[in-house]
Number of protein chains: 2
Amino acid sequence: MHTLAEENYLKAIFKLSQITENVSTNQIAAELATKASSVTDMLRKLAEKLLINYTRYQGVSLTQTGEKVAINIIRRHRLWEYFLVEKLHFKWDEVHDMAEEMEHISSNELIDRLDEFMGFPSRDPHGDPIPDNKGNFKKNDLKPISAVDVNICGIISGVKDHSTAFLQYLEKQGLTIGKKITVKEIITYDNAVILQMENKDIQISRDVAINLLIAL
Amino acid sequence: MHTLAEENYLKAIFKLSQITENVSTNQIAAELATKASSVTDMLRKLAEKLLINYTRYQGVSLTQTGEKVAINIIRRHRLWEYFLVEKLHFKWDEVHDMAEEMEHISSNELIDRLDEFMGFPSRDPHGDPIPDNKGNFKKNDLKPISAVDVNICGIISGVKDHSTAFLQYLEKQGLTIGKKITVKEIITYDNAVILQMENKDIQISRDVAINLLIAL
DNA sequence: TATTTTTTTTAGGCTTGTCTAAATTTACAA
DNA sequence: TTGTAAATTTAGACAAGCCTAAAAAAAATA
């Protein structure tokens, strides 16, 4: 259907579109760890295939078709992550790179059956919603801890940063999905946050607070 | 580790090596539906990487390293086929192309866990033995029906031809793995074979008899 | 507004893996 | 043993995707 490179570009553009309406060449280059000139080449190709809206120097957005393709890749990625953690017992910080390869397996029938086999899970191991086979999925209504007030409590439900390093840090602190936490104090000096979890106090930096999401 | 193209060449060479000691350029070209000149290019590359023994005009064989890689690809392919049939309930004639993609997922840890998850199966849905994670696997001691005498009985245990068309034909005739059959008669005129299975007689052509394997 | 900086695109090249056409080597047959 | 056919390799080209360096456009700043 689409090449591996094309799929990776569409996924990157989709991801960046969540933050800014129009995505710039440099943003894509940074996301994919490639050069701006390579991005320009690919954008011309994707535009020709009607997967993106592109005018020179103006940045890009996905067409409806492009968005459908991107969401399908995300669906595949998240279902495979769920499979790796729930069925093969990998840890949540080990599955990203494998799923990155597996998401390019092309059969939709395969993915639909995998979905059914696992009982139609709604979130992957990092708390991200899994699109259904029509491409529908709930917007994340999760809030970064950095955005809530003192004395608010909630359930750890997702992460913004998916890096192994961050996930391993959370694991070590016990800050895993499903845990109930309360924001006890925000240090005005450096915006560090003190959480209460299971009657213990845990201090996290602002960086961590920005990347750790809770459901209220 | 190795590129997709390299892996496909190694697999093809391994398969052809089962039949003839030294594999020719044209044989590989036919197996991979490509041109002899493309094969020559790749052979030089694989020889440089010490995966094959190659001297110009003399055909190739796998080195020990090359064979290890090839067997690993076959292990991955057969485990994924088993997964697709046993866990996702695909039919045996539907899984080949999907497994062809999945066999290139690179993580060995993933494959070992998949193996464990499924209870270390010893044969794939087509009766082919699955190598263990050390690369050991039993040689197939199966015989094509075309090679057994009248009145001999056995269990259908494998196929030589893995094409969808052949598998669908067998399915329709009920000639599936595990079924017990007896060779009743061999027609001298065209070498067609009459089998008895579950008290019914089934006639198969010589072509089918060559490609259908039984355990005695 | 003019100038500088940043962003983006173009131009030209490289690698992988493919192809066709031509040359070469090997195999077979008279 | 020599000539022809078949198999194989080489030569040269092409597409996809990437790169660097240079040019062009847009944005920021004086």
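Letters go in sequence order (proteins before strands), and every chain restarts at 1. These figures come from a predicted structure and were not determined experimentally.
We find that CD of B/E6 is positioned 13 Å from C1' of C/dT15, with the value rounded to whole Å. The nearest whole Å value for the distance from the CD1 atom in B/I28 to the C1' atom in D/dT8 is 12 Å. Between the P atom of D/dA27 and the CD atom of A/Q58 lies a distance of 7 Å, rounded to the nearest Å. One interatomic measurement links the two molecules: CG of B/L43 to P of C/dT18, which rounds to 11 Å at whole-angstrom precision. Atom OH in A/Y54 sits about 16 Å away from atom P in C/dT7, given to the nearest Å. Remark: C1' of D/dA7 and CD of B/Q27 are 12 Å apart, rounded to the nearest angstrom. Distance, A/N8 CG to D/dC18 P: 9 Å, rounded to whole Å. Summarising the geometry, the separation between CD on A/E7 and P on D/dA16 is reported as 16 Å, rounded to the nearest angstrom.
Base contact: B/A36 has a heavy atom under 4.0 Å from a base atom. When heavy atoms are screened at a 4.0 angstrom cut-off, B/D41 is found touching base atoms of the nucleic acid.
Contact between the side-chain N/O atoms of A/S24 and the OP1/OP2 oxygens of C/dT8 is found at a separation under 4.0 Å. The phosphate of C/dT7 has neither OP1 nor OP2 within less than 4.0 Å of any side-chain N or O from A/R56. A/K35 has a side-chain polar atom (N or O) that falls below the 4.0 Å cut-off from OP1 or OP2 of D/dT20. An OP1 or OP2 oxygen of D/dT9 is reached within less than 4.0 angstrom by a side-chain nitrogen or oxygen of B/T40. Of the side-chain N and O atoms in A/N26, one or more sit less than 4.0 angstrom from OP1 or OP2 of C/dT8.
Put simply, the residue from A/R75, A/R78, A/H77 that forms a side-chain hydrogen bond (donor to acceptor under 3.5 Å, both in side chains) with A/E103 is A/H77.
Taking every side-chain heavy atom of A/R44 into account, C/dT10 is the closest of D/dA24, D/dT8, C/dT10. Of the candidates C/dT10, C/dT7, D/dC18, D/dC18 carries the atom nearest the A/T34 side chain, counting heavy atoms from C-beta on. Nearest to the side-chain atoms of B/Y9 among the listed nucleotides D/dA7, C/dT18, D/dA25 stands C/dT18. Closest to the A/Y57 side chain, of the nucleotides D/dA26, D/dA7, C/dT26, is D/dA26.
Checked by distance alone, B/S37 brings a side-chain donor or acceptor within 3.5 Å of a matching partner on the base of C/dT20. No hydrogens or angles were tested; on distance alone, nothing pairs the side chain of B/T3 with the base of C/dT16 as donor and acceptor under 3.5 Å.
To the nearest 0.5 Å, the span separating CZ on B/F120 from OH on B/Y82 amounts to 12.0 Å. Separation of atoms CG (A/L16) and CG (A/L62) is listed at 10.0 Å; rounding is to 0.5 Å. The CG atom of A/D124 sits 10.5 Å away from the CD atom of A/E86 when rounded to the nearest 0.5 Å. If you take CG on B/L212 and OG1 on B/T176, they are separated by 10.0 Å, rounding to the nearest 0.5 Å.
Put simply, the side chain of B/P125 reaches to within 4.5 Å of the side chain of B/E81, judged on heavy atoms.
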